[in-house]
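What follows is a set of notes on a single structure, which appears directly below.
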Amino acid sequence: MKSQVKIYLTAFKNALATRMAYRIDLFVSAFIMLVFELIIPLVTYLIYSSGAGFPGWKFHEVFLIQAVFLLSKGITFPFFAGIVWNTITQIREGTYDLLLIKPRNILFMTLLTGIDIEDLGKLLGGIAVFIFAVSQVPDPGALNWVAFILLFVCSVIVFMSFAFIMAASGFKWVGNFRVYEIFEALTSFAMYPMSIFSKGVQILITACIPLALMGFFPASLILGKPLDWLLISLVSCVFFLVFSIFFWYRMLRSYTSAGG
Amino acid sequence: MAFVTYKEWAAYRSHMLISLFVGPVQFLVQVFIWRAVYTNQTVLNGLTLEQMITYYAVVTIIHYLVMDFAAWNLHMLIRTGRFVTYMIRPLSHRFFALSQKVGHRALGFVWEFIPVYCMFFFLFQLTLIPAHAGWALCSILLGFMMHFFLNYCIGIMGFWLIRAEGVRRMIMIFSMLFEGVFIPLVFFPLAVQKVLFFLPFQFATYVPIRVFIGSYELAGMSFELPHIIAIQAAAVVVMFFVSQLLWRLGVKKFTGVGT
Amino acid sequence: MIINVENLCKTYVTYKRGHTFWETVKSIFVRKKILVKALKNISFSIEKGELLGLLGPNGAGKSTTIKILTGILFPTAGKVESYGYVPWKQRKKYVAHIGAVFGQKSQLVWDIPPLDSFYMNKAIYDIKTADYKKRLNKMVTMLEAHEIIKKPTRQLSLGERMRCEFIMAMLHNPKIVFLDEPTIGLDVIAKEQIRIFIKEMNAEGVTFILTTHDMDDVEHLARRVIVINHGQIVFDGQMNALKNYLGTKKVVRLATHEKLPVLKKRGVENIRMLSEYEAELELDLAKIELNRFIKTINEKNTIRDISIHEPPIETVIKKLYE
């Protein structure tokens, strides 16, 4: 474990040094990453400022859902989601083999080379947006904060699972960077109050793919709103993680038994 | 030339499958959003719920007809220096890129537009028929050109911003926002709308969609369809000359440096 | 025996892409499967401290063999034991003892100095600081790489980069090192430097397996050679024996100022006239001495340019079949 941490820190330092070679572009890119993420909150704001809105939800409440989502994404993307881009590129260039000749767990090696410094912009933005959003709502009390942290961890787990599944698809689906689009499309269900969706969609985003955990449930907890379906979401969150890792190893296996 | 790109693309069957998934799913989310928003009102910024849903449906399918990678392609050509090979050909690169786009979009029409149109018809029970077919077609064609010139200009900026992939992406995001892809432009504050009216972006997507729906409105002004299409055509001509000018300046800068 | 391979087979599936318009459209819905037999029943063994050349044209099965031996690929059938491990089953433990240099795939990170990449490997292989320093120092001295390991990799020439690739691959003191086209694209001096390095390391007991289609590399380095073609071993023996197969042939490319005379004489074969002033031919040195050949040409013509090569690997294989 200790040596694992040491390796990770070295890799992080290297990734930072690599990206600092073009630092102006890095800062601009990191900023863009943030701007891109703020489009949905902006659109939501425009809806509310036209005098409309989601029934039963004030703007700052919806904004909190989106802020939790962005914070969680901000943690996942620099540290985990880079493996998607990374795997696709390395498989295409044939350099993924170089990871397989290192005496370490291959998923760990993949995470090492997938550290994405640019996306730290998402993390900084996520933190800023989250602090701002929380300052707009009443303090829920210490106990709820503890519960929130637990739910937030689940939110990160759902993001991570998505990253594993997308990266795994890269083993077979060589060169398809558009998996990110699928991810963006699916997670757009996660950025709004669950009550706006039909019953069928609500079941899908809690029991099947726990998208509701990515923003809605943690935010609802802080807001003191009802948490129907939370339990089943937590169960499916565990399943989703296990499935994603299993799927990842399955696809790796199909890569290592494919042709050379 | 258009046929070659048609063939090269047909290889990517996964590309089509992703389009068939992403477009409709994003549209579905919009349907839920706007149904919820319209529970307490019937008209919002001059649009009814039906018009709003049609708006997003048309955003989805029009995208397959007008989008292109001209900006990215040109940017890469400049960055790698390969654009020089186009300067010694009898055809201008712009013409080459345009015919490439025609090929790609013909493919998009068959493999993306038609299937998604059918999905809207059967799954969402949406019959997307333009208010005035002729005007809508004109406006979409102009949008096609506008999109191309706009992206082409963004690509040309690569002459000045060789190492700045980030800046290009930022412009792309803002151009999508100001084209009305994420939300109808009438939702912006009035002052912003007034600025947007004079920017080229609205003519690429927003105008064709409004013409499709049959009523145009922005910055508190409404136009008859023929009038707004005339303005759109004028904007396309202006953008053509702007792209010409930028190209000349860019090449001059490039050869001036002497790399 | 450090490596033992028995009846190794590898079969995989690829998809056919059509060329005509209709085939392309059809391929969107159904794709035609093609079964590729990359390796057909390969067996060989390697002793500790050997320097083995693995030869063969592109697509013969060289890379597949290397990928299986390094634990990257699963074979379809057959047994492999390398340094006491089954590579694809005990991958993590096994690869700690091997190293690899791929001529066309860099292990160095493009935008940072090689030294930083080395440091990363130190952490990954868990190399003790004292050992790391000792080995780094030794190899840097051998390859004269003191300055270049501190520059960003992107600023290095190909030869400088390859020297760093070798250091990177050998920092953890591997017992077996796989080299895949290690000298591809290098100039003569860089090639020589790397060959000397390989020889010295081999003298210290490191086993090397070298894949290449450059005959020159093999001739300078390997004592034993295995030739693979169409997934089968067509030759396994000493370098000298392979040379006997080849006889004493050289490929000569010749250009003169005046029109070339009739070249047909004893020992001159396969003449290909490129123009009236230029020709490519094979010399059998057993039948005609190089010196004498040049002399006879020079009698009537002035040589403008001449180059003498080993016959390409394809010729070697053709000979093996004869």
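Remember, predicted model here, so these are calculated numbers, not experimental data. Below, each value reflects all heavy atoms present in this structure, side chains not excepted, and no hydrogens, waters or symmetry copies. Letters A, B, ... mirror the listed sequences (proteins, then strands); counts begin at 1.
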What distance separates [X] [atom1] from [Y] [atom2], expressed to the nearest 0.5 Å?
X: Phe32(B); Y: Met194(A); atom1: CZ; atom2: CE; result: 12.5 Å
X: Ile196(A); Y: Ile33(B); atom1: CD1; atom2: CD1; result: 5.0 Å
X: Gln26(B); Y: Ile182(A); atom1: CD; atom2: CD1; result: 11.0 Å
X: Leu46(A); Y: Phe182(B); atom1: CG; atom2: CZ; result: 12.0 Å
X: Met172(B); Y: Phe36(A); atom1: CE; atom2: CZ; result: 11.0 Å

Atom group of [X] that falls short of 4.5 Å from chain B, counting heavy atoms:
X: Tyr48(A); value: neither
X: Ile40(A); value: neither
X: Ser198(A); value: both

Close approach to chain A in residues 184-193 of chain B, criterion heavy atom under 4.5 Å: Phe187(B), Phe188(B), Pro189(B)

Chain A neighbours within residues 36-52 of chain B, where any heavy atom lies under 4.5 Å away: Ala36(B), Val37(B), Thr39(B), Gln41(B), Leu44(B), Asn45(B)

Chain B contacts, top residue of [options] (heavy-atom pairs, under 4.5 Å):
options: Ile32(A), Ile39(A), Leu186(A), Val28(A); result: Ile32(A)
options: Val43(A), Val35(A), Leu42(A), Leu26(A); result: Val43(A)
options: Phe189(A), Phe27(A), Trp57(A); result: Phe189(A)

Could you look at Leu28(B) and say if it's the side chain, the backbone, both or neither that has a heavy atom under 4.5 Å from chain A? side chain

Could you report the tightest heavy-atom contact between Val25(B) and Ala185(A), atom names first, then the distance? CG1-O, 3.7 Å

Residues, nucleotides or ligands: over 12 heavy atoms within 6.0 Å of Phe183(A) CZ: yes

Which pairs with one or both residues in residues 29-54 of chain A pass salt bridge (Lys or Arg N to Asp or Glu O under 4.0 Å), sequence neighbours excluded? Glu37(A)-Lys73(A), Glu37(A)-Lys122(A)

My understanding is that only residues two or more places apart in sequence, or in another chain, count here; which of them pass ring pair (Phe, Tyr, Trp, His ring centres under 6.0 Å) with Phe69(A)? Phe159(A)

I'd like to check Phe21(B) versus Glu181(A) (side-chain heavy atoms, cut-off strictly below 4.5 Å). Are they in contact? no

